[in-house]
Number of protein chains: 2
Amino acid sequence: MRGRGPWWHDRFQEYGWRITPSREIIMDVLHNTKEHINASDIYIKAHAMNPAIGLTTVYRTLEMLEKTGMVQKFDFGDGMARYELINNPGAKDHHHHLICMNCKRIIDYTEFIDDEIDFIEKTQSKLSKKYNFKIAGHMINFYGLCEQCSKAMA
Amino acid sequence: MRGRGPWWHDRFQEYGWRITPSREIIMDVLHNTKEHINASDIYIKAHAMNPAIGLTTVYRTLEMLEKTGMVQKFDFGDGMARYELINNPGAKDHHHHLICMNCKRIIDYTEFIDDEIDFIEKTQSKLSKKYNFKIAGHMINFYGLCEQCSKAMA
DNA sequence: TTTATTATTGAAAATGGTTTTCATTTGCAA
DNA sequence: TTGCAAATGAAAACCATTTTCAATAATAAA
Ligand SMILES: [Mn+2]
Ligand SMILES: [Mn+2]
Ligand SMILES: [Zn+2]
Ligand SMILES: [Zn+2]
């Protein structure tokens, strides 16, 4: 019988990964986190649920999730990587980012995403042909000043 | 009389920066580098021209150039930042990137950039309004497998 | 030109996110 | 139940980048 346990158990089994308490909790944290969270914050939340968990395991689990495309890793340039579940039930829809160069705030936006995806797909197929490059995903970031910061500077 | 010395002397003076041998060489390296180069490689090239230069100064100069928008800093997620001169005579035109997830190769492309910029500008003005966000620039990356890597995997 | 001010410098040490090592534990197939 | 490779956490190592600090040098002022 299928469907027992969280949705990701099947995925783990597909990949031959063991289902361990640490991994259960890390998945739980990722699943219940709205924003792009960093390893240290995942560790803090996970550790609160079970102090036996180590930061090392957080990193190891994230790496494994990233390599199979269950998680997307972001490098916004503020010194630490951030992670988001993708292509999974319960994951945020695909979105792009506005990044404040002053306070480092990151805004997710999905407003015009359909138009963007449309456009991206066209570009993508042109690029694939021209460079024989197999495109699996993309990342679009806008950099600038958020409302608060531009007010503060006025 | 204007126009003496390299183009960036004026810019430095505008900002009140002193023109030093180290900075001359670092600008020279940036100017003569086609790809997105990292700090360490800049240091190696600069050091070859003048062994008195220190890596610290490379970092400091890059930070200063980045903050005034003469250089764009990229974080492609491979553990070190990369830099490119922008908005300057002799700088590469604005372009976007294809990043191989396997070998980390980075391909600059400018082919369809005009259409992209067009599109980006529209999105940008919509986003600015919606989020009161002052957009200064953007970054578009496609992730996937380069020709060599996808052949190697076949 | 000389001088005074202060930005800039490089070496060395510190920082901090991430990875590696390694001895121990544990999931799970048989 | 057992056997064993996979997984674990603590501690150490790694390594790109930043900070510290005393010495030096670019430039404005005299
Ligand atoms: Mn996001
Ligand atoms: Mn480039
Ligand atoms: Zn801000
Ligand atoms: Zn490749």
Side-chain angles (χ1 to χ4, degrees), chain A residues 4-6 8-27 29 36-68 71 73-83 104, chain B residues 4-6 8-27 29 36-68 71 73-83 104:
Chain A
R4 295 260 188 69
W8 48 269
H9 278 199
D10 289 349
R11 294 283 223 112
F12 273 46
Q13 273 164 5
E14 264 177 53
Y15 295 125
W17 298 337
R18 293 181 180 175
I19 292 166
T20 70
S22 294
R23 287 173 177 175
E24 301 249 28
I25 289 178
I26 292 169
M27 287 307 291
V29 170
H36 13 253
I37 191 171
N38 63 48
S40 165
D41 287 347
I42 293 172
Y43 170 69
I44 289 169
K45 290 192 183 189
H47 195 260
M49 303 191 208
N50 178 355
I53 289 181
L55 179 57
T56 312
T57 298
V58 171
Y59 276 108
R60 277 191 289 230
T61 304
L62 287 170
E63 188 188 8
M64 149 186 125
L65 291 168
E66 194 214 344
K67 281 196 176 148
T68 53
V71 148
K73 181 181 182 182
F74 293 90
D75 241 306
F76 291 124
D78 62 342
M80 55 200 166
R82 290 159 191 280
Y83 304 84
K104 311 296 179 192
Chain B
R4 294 261 188 68
W8 50 268
H9 277 199
D10 289 349
R11 294 282 222 112
F12 272 46
Q13 273 164 4
E14 265 177 53
Y15 296 124
W17 298 337
R18 293 180 180 175
I19 291 164
T20 69
S22 294
R23 287 172 177 176
E24 301 250 26
I25 289 178
I26 292 168
M27 287 307 291
V29 170
H36 12 254
I37 190 171
N38 63 47
S40 165
D41 286 347
I42 293 172
Y43 170 71
I44 289 169
K45 288 192 183 187
H47 196 259
M49 302 189 208
N50 177 355
I53 288 181
L55 178 57
T56 312
T57 298
V58 171
Y59 277 107
R60 276 191 289 232
T61 304
L62 287 171
E63 186 188 7
M64 149 185 125
L65 292 169
E66 194 213 345
K67 280 196 177 148
T68 54
V71 148
K73 182 181 182 181
F74 293 90
D75 241 306
F76 291 124
D78 62 342
M80 56 200 166
R82 288 158 191 282
Y83 304 84
K104 312 296 179 193

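Protein chains get the first letters and strands the later ones, always in sequence-line order, with residue 1 at the start of each.
Remark: C1' of dG17(C) and CZ of Phe76(A) are 17 Å apart, rounded to the nearest angstrom. Separating the CD1 atom of Ile25(B) from the P atom of dT8(C) is a distance of 17 Å, rounded to the nearest angstrom. Straight-line distance from the CD1 atom of Ile26(B) to the P atom of dT8(C): 12 Å, rounded to whole Å. Whole-Å rounding puts the Asp78(B) CG to dT17(D) P distance at 10 Å. Distance, Ile53(A) CD1 to dA10(D) P: 11 Å, rounded to whole Å. One can place CD of Gln13(B) at 11 Å from C1' of dA26(D), the figure rounded to the nearest angstrom. As a whole-Å value, the separation of His9(B) NE2 from dT27(D) C1' is 14 Å. Atom OH in Tyr15(B) sits roughly 14 Å away from atom P in dT8(C) (whole-Å rounding).
Under the 30°/60° scheme for interplanar angles, the aromatic rings of Tyr43(A) and His47(A) are found to be tilted.
The residue Ser40(A) sits apart from the nucleic acid: no heavy atom pair falls under 4.0 Å. Pro51(A) comes within contact range of no nucleotide atom at all, as no heavy-atom separation falls under 4.0 Å.
Phosphate contact (OP1/OP2 of dT8(D), side-chain N/O of Arg23(A), threshold under 4.0 Å): present. Using a 4.0 Å cut-off, some side-chain N or O of Tyr59(B) falls inside it from OP1 or OP2 of dT17(D). Remark: Thr20(B) is in phosphate contact with dT9(C), judged by side-chain N or O atoms under 4.0 Å from OP1 or OP2.
If you take NZ on Lys45(A) and CE on Met49(A), they are separated by 7.5 Å, rounding to the nearest 0.5 Å. Here CG of Asn38(B) is found 4.5 Å from CE of Met80(B). Values are rounded to the nearest 0.5 Å.
For the pair Leu55(B) and Trp17(A), both in contact range of DNA chain D, the more 5′-proximal nearest nucleotide belongs to Trp17(A). In terms of position on DNA chain D, the residue among Met80(B) and Arg60(B) whose nearest nucleotide sits closer to the 5' end is Met80(B).
In this model, no side-chain donor or acceptor of Arg18(A) finds a partner on the base of dA7(D) within 3.5 Å.
The closest donor-acceptor contact from the side chain of Arg23(B) to the backbone of Thr61(B) lies at 3.5 Å or more, if one exists at all.
Between His9(A) and Ile19(A) there is a side-chain heavy-atom pair separated by less than 4.5 Å.
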